[in-house]
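Computed from a prediction, not measured in an experiment: that's the story for all the values here. The figures here come from the full heavy-atom set of this structure, side chains too, leaving out hydrogens, waters and symmetry mates.
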Amino acid sequence: VNPPIYHHFYDSHELARQTLVRVPLHKQGERWSWDMDAMREAFNDRTRLMMMCSPHNPTGTVFQRDELQARLNLLHRKARERKISTALVFEGWDAGGKGGNIRRLTRGLDPRGYEVVPISAPNDVEKAHHYLWRFWRRVPKAGHVAIFDRSWYGRVLVERVEGFCTEEEWSRAYREINEFERQLADYGTAIVKFWLHIDPEEQLRRFEARQQDPRKQWKLSPMDLPSRERWFEYSRARDEMFAATDREETPWHLVNSDDK
């Protein structure tokens, strides 16, 4: 995966003036690091940061939060008028904040023009078909937005690590996924893929908070805590997924989600 030239940071110290700041990256050997002097200039000690590694603001324009919501709503209306469909894919670690990000996103959308598609384990009917069958049935129609809370990438992530499919099946899935997304892109569908990253310590804190909060206990599945023991295996599967499926027309956008 080619690293970005900039990390995009959102200054969320004051919700009323949430702004976007660009901080340059420098390469040191095989690693990329932030320009700390530029970061200190951009933020003060009280600022809480959220990082988004996707340089799609080449002019360095700074938008206020309300402007971003209005811009999103305008783009949504224009896409509906031009019959352009959009598929938004949210992947990431358990407790990474996929649901929260989707809630914030949909505040700027017309509810008549989008659908949130939560993905869980396939049922018996879905298991009787090719694994992409259930996703073909949920692709957005012309002018609409489909927001996938997890997606077809489960085949090369959880199904691979937990042994729910064979090595031949998940190895073949990279080609199948790229072809699936290429067909959607060729049809004119805009595909945007996010990976929400948190570190193991933050994940454990969120799991423990869910255990203590009756309103959030339903979010914990029997697999969540045991899967922490396979953090390395999941990380390896994630990196191989990026290498195989980060393509020019359907790139991955990496979001540091430690700070909601």
Side-chain angles (χ1 to χ4, degrees), residues 10 50 52 54 56 65-66 68-123 125-127 129 131-159 177 180-181 183-185 187-198 203 206-207 210 213 215-221 223-224 238 241 245 250-257 260:
Y10 291 86
M50 181 176 72
M52 183 172 180
S54 182
H56 291 296
R65 180 176 180 175
D66 290 345
L68 288 171
Q69 290 285 2
R71 194 163 174 239
L72 178 63
N73 184 275
L74 177 62
L75 289 172
H76 188 207
R77 294 204 312 272
K78 285 185 175 181
R80 290 191 66 181
E81 292 169 1
R82 296 172 59 184
K83 304 298 183 182
I84 298 173
S85 55
T86 305
L88 304 180
V89 175
F90 285 85
E91 287 283 359
W93 295 105
D94 292 330
K98 293 179 286 295
N101 275 273
I102 290 171
R103 277 199 308 276
R104 294 175 183 88
L105 170 71
T106 54
R107 290 173 185 170
L109 302 180
D110 182 340
R112 297 170 296 179
Y114 74 85
E115 177 188 15
V116 177
V117 184
I119 300 301
S120 56
N123 57 39
V125 174
E126 292 165 341
K127 288 179 181 179
H129 294 79
Y131 81 97
L132 286 175
W133 175 77
R134 61 175 174 152
F135 301 107
W136 271 114
R137 298 174 66 232
R138 306 304 293 270
V139 297
K141 61 184 179 181
H144 283 243
V145 177
I147 304 170
F148 290 89
D149 185 348
R150 297 198 182 278
S151 69
W152 42 92
Y153 284 98
R155 172 55 57 107
V156 297
L157 292 170
V158 63
E159 292 184 33
I177 288 171
F180 170 65
E181 293 180 351
Q183 290 182 32
L184 291 177
Y187 174 71
T189 302
I191 304 171
V192 189
K193 304 183 296 190
F194 298 99
W195 176 271
L196 306 185
H197 181 79
I198 56 176
Q203 185 190 58
R206 294 184 186 182
F207 281 165
R210 288 179 178 183
D213 189 343
R215 298 169 300 174
K216 296 183 178 181
Q217 289 174 354
W218 64 272
K219 293 185 176 184
L220 274 176
S221 76
M223 289 180 56
D224 285 345
R238 174 207 58 197
M241 175 190 74
T245 63
T250 55
W252 278 98
H253 305 274
L254 314 183
V255 182
N256 184 338
S257 196
K260 295 183 178 181

Identify the heavy atoms of [X] and [Y] that sit nearest to each other, and give their distance.
X: Tyr131; Y: Arg134; answer: O-CG, 3.8 Å
X: Ser257; Y: Gly96; answer: OG-O, 2.5 Å
X: Ser85; Y: Ala142; answer: CB-CA, 4.3 Å

Quiz prompt | Glu115 with Arg138: basic N within carboxylate O range, under 4.0 Å | solution =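 Yes, charged N to carboxylate O under 4.0 Å.
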Donor-acceptor pair, [X] side chain versus [Y] backbone, under 3.5 Å?
X: Asn73; Y: Ala70; result: no
X: Arg137; Y: Trp133; result: no
X: Glu91; Y: Ser151; result: yes
X: Lys98; Y: Trp93; result: yes

Distance check, rounded to the nearest 0.5 Å: [X] atom [atom1] versus [Y] atom [atom2]?
X: Leu88; Y: His253; atom1: CG; atom2: NE2; result: 9.5 Å
X: His76; Y: Glu81; atom1: NE2; atom2: CD; result: 11.0 Å
X: Glu126; Y: Ile119; atom1: CD; atom2: CD1; result: 8.0 Å
X: Ile102; Y: Leu109; atom1: CD1; atom2: CG; result: 11.0 Å
X: Thr189; Y: Glu181; atom1: OG1; atom2: CD; result: 11.0 Å
X: Leu105; Y: Ile147; atom1: CG; atom2: CD1; result: 4.5 Å

Side-chain contact test, heavy atoms from C-beta onward, threshold under 4.5 Å: evaluate it for [X] versus [Y] and give yes or no.
X: Asp110; Y: Tyr114; value: no
X: Trp195; Y: Tyr153; value: no
X: His197; Y: Arg238; value: yes
X: Val125; Y: His129; value: yes
X: Met223; Y: Asp94; value: no
X: Leu184; Y: Trp136; value: yes
X: Thr250; Y: Lys193; value: yes
X: Arg210; Y: Gln217; value: no

Exercise. With sequence neighbours left out, write down each residue that passes ring-ring contact (aromatic ring centres under 6.0 Å, His included) with Phe135, or none if nothing qualifies.
Key: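 Expected list: Trp152.
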Quiz prompt | Aromatic ring pairing Phe194/Phe90, orientation class (parallel under 30°, perpendicular over 60°, tilted between) | solution =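 The arrangement is parallel - the two ring planes meet at less than 30°.
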